[in-house]
There are 2 protein chains.
Amino acid sequence: METVHKVDLGDEVVATRQQAGSRLEILDEATATRLAATFSVLSDPTRIRIISALAARALCVHEIARALRMTHSAVSHQLALLREMHLVTGTKKGRHVTYALDDEHIYDLYSQGLAHIRHQS
Amino acid sequence: METVHKVDLGDEVVATRQQAGSRLEILDEATATRLAATFSVLSDPTRIRIISALAARALCVHEIARALRMTHSAVSHQLALLREMHLVTGTKKGRHVTYALDDEHIYDLYSQGLAHIRHQS
DNA sequence: CTAATATATGAGCGCATGCTCATATATTAG
DNA sequence: CTAATATATGAGCATGCGCTCATATATTAG
């Protein structure tokens with residue numbers, strides 16, 4: 001079933017078509033900025049590799065650093081960012097801090113993106 | 001059903017568990033970089049809003065610029081980038097160039113991301 | 001023809017970002 | 001206790017990125 005909607009494109013109002021039930025609008029700046037920030041978390045190779053490592057199991061900083069062959073500092077900085085974005089949690093266990101994934105929605109985006117690039121060029 | 005896998009974490013080999021059938025490995029740098037580049041396209045508010053506009057219907061540059069209340073130049077630069085990434089196609093029609101979405105997989109990521117931020121905080 | 005419109009694109013500027021390096025703190029080993 | 005280990009974090013630097021501005025080209029109007 002197809003319905004006709006009106007979309008505000010600046011000064012003009014334009015008619016368009018879409019499947020019933022789906023959203024149709026130009027995102028406001030605030031929403032677009034929030035969505036862009038969500039994707040920004042996944043827009044760096046180091047963070048991607050950290051996420052891929054934590055997908056296997058929870059790991060502490062030096063394990064991640066060794067797996068990625070990067071400095072502890074670089075990994076720790078990225079983990080701080082992932083913590084702020086609530087993508088991972090860090091749990092202190094003695095001298096170690098064990099990091100684990102904590103946002104399955106963003107992990108779903110990661111998986112879907114990975115599936116996409118894996119069966120293309 | 002759960003199976004046990006071995007994952008190379010640098011010098012060490014570690015056992016872990018996962019659902020049968022899913023992938024489990026630390027992404028190599030090349031794949032991580034490609035995946036990060038995919039998400040990078042969606043990591044800017046202007047590009048997000050252009051995609052949201054084109055989701056309604058194909059539009060030419062000045063229509064997009066008016067809808068987003070941005071300069072033609074800024075929009076044109078972003079459209080050039082979206083073209084290079086094969087996310088949109090531009091079709092010349094007289095003086096106008098009509099842009100349309102051309103990558104449903106990345107649009108799916110956009111939709112999933114939008115759905116995610118819409119039913120959270 | 002000239003003028004207006006529509007788009008593309010290079011240069012440059014300011015700001016964000018990801019790293020390294022230095023340093024701080026906490027915990028455990030000996 | 002001291003030394004070693006594990007992590008966090010600020011400063012600084014190099015690079016990337018998104019915008020504006022200037023300019024070029026193409027098409028259509030008159």
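Keep in mind the model is a prediction, meaning the values are calculated, not measured. Below, read A as the first sequence line, B as the second, and so on, with proteins coming before strands; counting in each chain starts at 1.
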Does any N or O in the side chain of A:Ser76 come within less than 3.5 Å of the main-chain N or O of A:Ser73, such that one atom is a donor and the other an acceptor?
->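 Not a single qualifying donor-acceptor pair exists.
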Donor-acceptor pair, side chain of B:Arg118 and main chain of B:Gly113, under 3.5 angstrom | no
Integer-rounded Å distance: [N] [atom2] and [X] [atom1]:
X	N	atom1	atom2	result
A:Leu42	C:dG18	CG	C1'	16 Å
B:Met85	D:dC17	CE	C1'	14 Å
A:Ile50	C:dC19	CD1	C1'	13 Å
A:Glu84	C:dA16	CD	P	15 Å
A:Asp44	D:dT15	CG	P	17 Å
B:Lys93	C:dT7	NZ	P	12 Å
B:Glu29	C:dC19	CD	C1'	13 Å

For the side chain of [X], starting at C-beta, report the closest nucleotide among [options].
X	options	answer
A:Lys92	D:dA8, C:dT27, D:dG18	C:dT27
B:Tyr99	D:dG18, D:dT7, C:dT7	C:dT7
B:Gln78	C:dC19, D:dT7, D:dG18	D:dG18
A:Arg95	C:dT28, C:dA8, D:dA29	C:dT28
A:Met70	C:dG18, C:dT7, C:dC19	C:dC19
B:Leu81	D:dA8, D:dG18, C:dA8	D:dG18

Take B:Asp103 and B:His86 through the side chain to side chain contact (heavy atoms under 4.5 Å, CB included) test and state the conclusion after the steps.
-> CA-CA 7 Å; B:Asp103 186 328; B:His86 301 103; 5.6 Å; no
Would you say C:dT7 has OP1 or OP2 under 4.0 Å from some side-chain N or O of B:Ser76?
->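 For C:dT7, neither OP1 nor OP2 has a side-chain N or O of B:Ser76 closer than 4.0 Å.
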If you look at every strand shown and take non-hydrogen atoms under 4.0 Å, does B:His72 touch a base, only sugar-phosphate, or nothing?
->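 Since a base atom lies under 4.0 Å of B:His72, the category is base.
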How would you label the contact of A:His96 with the nucleic acid (heavy atoms, under 4.0 Å): base, sugar-phosphate, or nothing?
->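 Sugar-phosphate contact only - A:His96 comes under 4.0 Å of backbone atoms but never of a base.
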Ring stacking, A:His77 with base of D:dT9, under 5.5 Å and under 30°?
-> yes
For residues A:Asp28 and A:Thr31, is any side-chain donor paired with an opposing acceptor at under 3.5 Å?
->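 Yes, a side-chain donor-acceptor pair sits under 3.5 Å.
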Hey, are the side chains of A:Leu81 and A:Met85 touching, using non-hydrogen atoms and a 4.5 Å cut-off?
-> yes
Run the salt-bridge test on A:Glu29 and B:Arg69 with the 4.0 Å N-O cut-off and return the result as yes or no.
-> no
Any N/O donor-acceptor pair, A:Ser73 side-chain to D:dT9 base, under 3.5 Å | yes
Watson-Crick or G-U stems of DNA chain D, 3 or more pairs, under 3.5 Å, by first number |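 Consecutive-pair runs (3 or more) involving DNA chain D: C:1-30 with D:1-30.
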Minimum heavy-atom distance between A:Gln78 and A:Thr46, given as atom pair plus value = CG-CG2, 3.9 Å
